2 protein chains.
Amino acid sequence: MSTRESIIHLADQLIRDQGYNAFSFYDIAKTLGIKNASIHYYFPGKTQLGIAVIKEQSRRFNVLKQAVADKRPAEQLRAFAHTYAATRQEERICIVGSLASDLHTLDTETGQSLALFAEEVIEWLETVLEQGKKLGDFTFAVPTRTKALLIITNLLGGLQLTRLTQPQDFYTIAETIIQELSPVQIKENNT
Amino acid sequence: MSTRESIIHLADQLIRDQGYNAFSFYDIAKTLGIKNASIHYYFPGKTQLGIAVIKEQSRRFNVLKQAVADKRPAEQLRAFAHTYAATRQEERICIVGSLASDLHTLDTETGQSLALFAEEVIEWLETVLEQGKKLGDFTFAVPTRTKALLIITNLLGGLQLTRLTQPQDFYTIAETIIQELSPVQIKENNT
DNA sequence: TTTTCTACCTACTAACAGGTAGGTATATTT
DNA sequence: AAATATACCTACCTGTTAGTAGGTAGAAAA
C-alpha cells in the first residue's frame, strides 16, 4: 500500500472510530512514521482528505456491488449487511453515520460528496429490493424506497446504538432485517 | 432560565447540531454574553457539562414518559416519534446518536451515563410495545427487544441519514414505523 | 552529466482549545 | 456592620490544531 493509500485508510479508520473532528494529521503521521507536513503533500487540507475517504468508500462499495451482482437478492443483501457486521466487530461506525453526525462542521464539498455516496447506497438497495420482490424472494408492504431507508437506518443506527448495549444486539438487528423480508416466516414464540 | 440551565441547553443544542468535539466553551460563552471561565464556575470541565446534558435529556424523557403514561400505546409511541420529528425540523440529531458517534473520545463516566440513558429509552419502548401487543393495538413477529431496537435505530439513523437526502424521508420513516405496527394494514400499491 | 521530479523533511505560525488562579461587585446572612 | 456566598470577571497558561515556507536526499529523465 502506498503512503497515499495508507493515509486514506488510516483517516477512514480514525473518522469511523473517533469522528471527523477528533482525528488529527498527527494521529496519522505518527502511525505511518512520517511528519504532519507530509500529509499536506498528498492532500492540501483536511477537506480534501475527507473527500478522498468518501470516494474510497464509494469505490469499495462499487467493488462489492459488482462482486455480488449475479447473486440472488437475499445474498446481495446479506453481503451488504456483512460489511456492517465487520464494522461492528471493529467497534466502528459507518462513514455515512459518522460524517452525517458532523455534517454542520464540514464544508459543502464534503457534504455533497457524502450525500452523493448515501444516495448511491440507497438506490442500489432499492434495486436489490425490487429484484427480490419480482423474484418472490422478498415481501414488504411499504414503498421500495421507504424499505431501503428503514434497512439502512437500522444498520447505520444499529452500529451506533449497540456501542452502548452489546455487540450481539447488532447481529440481532442485521439478522432480523433479512428474516423479515422472507415471504414465509417461521414464527417462534419467544416469551 | 438560569445561567446554568442556559449553558446546559446551549451545550445540548450544539452537541446535537455539530457534535461533541466541534463545540467549544467559547461558543456557549459568546451566545450568553459571558466569559469562558464562567462556564467553569458551573461545570469543572467539559466532561461534567456533557454529563449534565445527558442527565437533562433523561429528565425530559421522563417528563414525556409521565405525560403519556395513561394513553394508548400507539399514542405513546407517536408522542415519542414526534420528539424526533421536532429534532429533524431543527436539522439536529438525537443525543444518543451524536455522542455514540464520538464515544471513543469521551471518558468512561460520560459513556456510562449515555449507555444508561439509552437503556432507559430501550426499556420504556419495550414496555410500550408489550402493552400494545397485549391490547391488540400492535402486531410484530420479532422479540419485543428486537422490535424496540429496530424502531430506535430507524429514528436515530433516520435523523442522520435524512440530513443527506430530504426532511420528508424522515417523516416517511416515522410514519411507517407506526403504520407497520398496526394489526390491520390497508395496503396501497405504489408502483 | 545535468536537470527535474518525487517524497519526504525541518521549522515555523496563527488560531483556538480547555483549564486555572485569583480578583471583584453585588446580594445575602449573621 | 461585618462576614460570607454568589456569580461572575481579567489575565494567563499549556497543549494542540491545521496549515505554510522552504529545504533536501535520492531516483528518474533529458
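Every chain is numbered from 1 and lettered A, B, ... according to where its sequence line falls, protein lines coming before strand lines. Quantities reported herein were computed from a predicted structural model and do not represent experimental measurements.
The aromatic rings of A/F23 and A/F25 sit parallel, their planes meeting at an angle under 30°, below the 60° perpendicular limit. Between A/W124 and A/F80, the ring-plane angle classifies as tilted under the 30° and 60° cut-offs.
With respect to the salt-bridge test (charged N to carboxylate O, under 4.0 angstrom), the residues A/R78 and A/E175 qualify. Of the charged side-chain nitrogens involved, at least one lies within less than 4.0 Å of a carboxylate oxygen, so that A/R145 and A/E119 count as a salt-bridged pair.
At the phosphate of D/dT16, neither OP1 nor OP2 sits under 4.0 Å from any side-chain N or O atom of A/S24. Between B/T3 and D/dA7 there is no side-chain polar atom (N or O) within less than 4.0 angstrom of OP1 or OP2. Using a 4.0 Å cut-off, no side-chain N or O of B/S38 falls inside it from OP1 or OP2 of D/dA7.
The interatomic distance linking A/L14 (CG) with D/dT16 (P) rounds to 16 Å, in whole Å. Put simply, OH on A/Y42 is 18 Å from P on D/dG19, counting in whole angstrom units. Between the C1' atom of C/dA7 and the CE atom of A/M1 lies a distance of 18 Å, rounded to the nearest Å. Rounded to whole Å, the distance from CD on A/Q48 to C1' on D/dT20 is 15 Å. If you take CG of B/N36 and C1' of C/dA17, they are 9 Å apart, rounded to a whole angstrom. Straight-line distance from the CD1 atom of B/I7 to the C1' atom of D/dT6: 14 Å, rounded to whole Å. When the P atom of D/dT20 is taken as reference, atom CZ of A/F43 falls 16 Å away, rounded to whole Å. In this structure, the CD1 atom of A/I39 is 14 Å from the P atom of D/dT20, given to the nearest Å.
Taking 4.5 Å as the limit, every side-chain heavy atom of A/P73 sits out of range of all side-chain heavy atoms of A/L129.
Among the protein residues, B/Y41 comes within range of the nucleic acid bases, having at least one heavy atom under 4.0 Å from a base atom. Among the heavy atoms of the strands lying under 4.0 Å from A/K35 is at least one base atom, whether or not backbone atoms are also near.
With DNA chain D read from its 5' end, the first of the two nearest nucleotides for A/Y26 and A/A37 is the one closest to A/Y26. Remark on DNA chain D: of its neighbouring residues A/A22 and A/P44, the 5'-side contact belongs to A/A22, judged by nearest-heavy-atom nucleotide.
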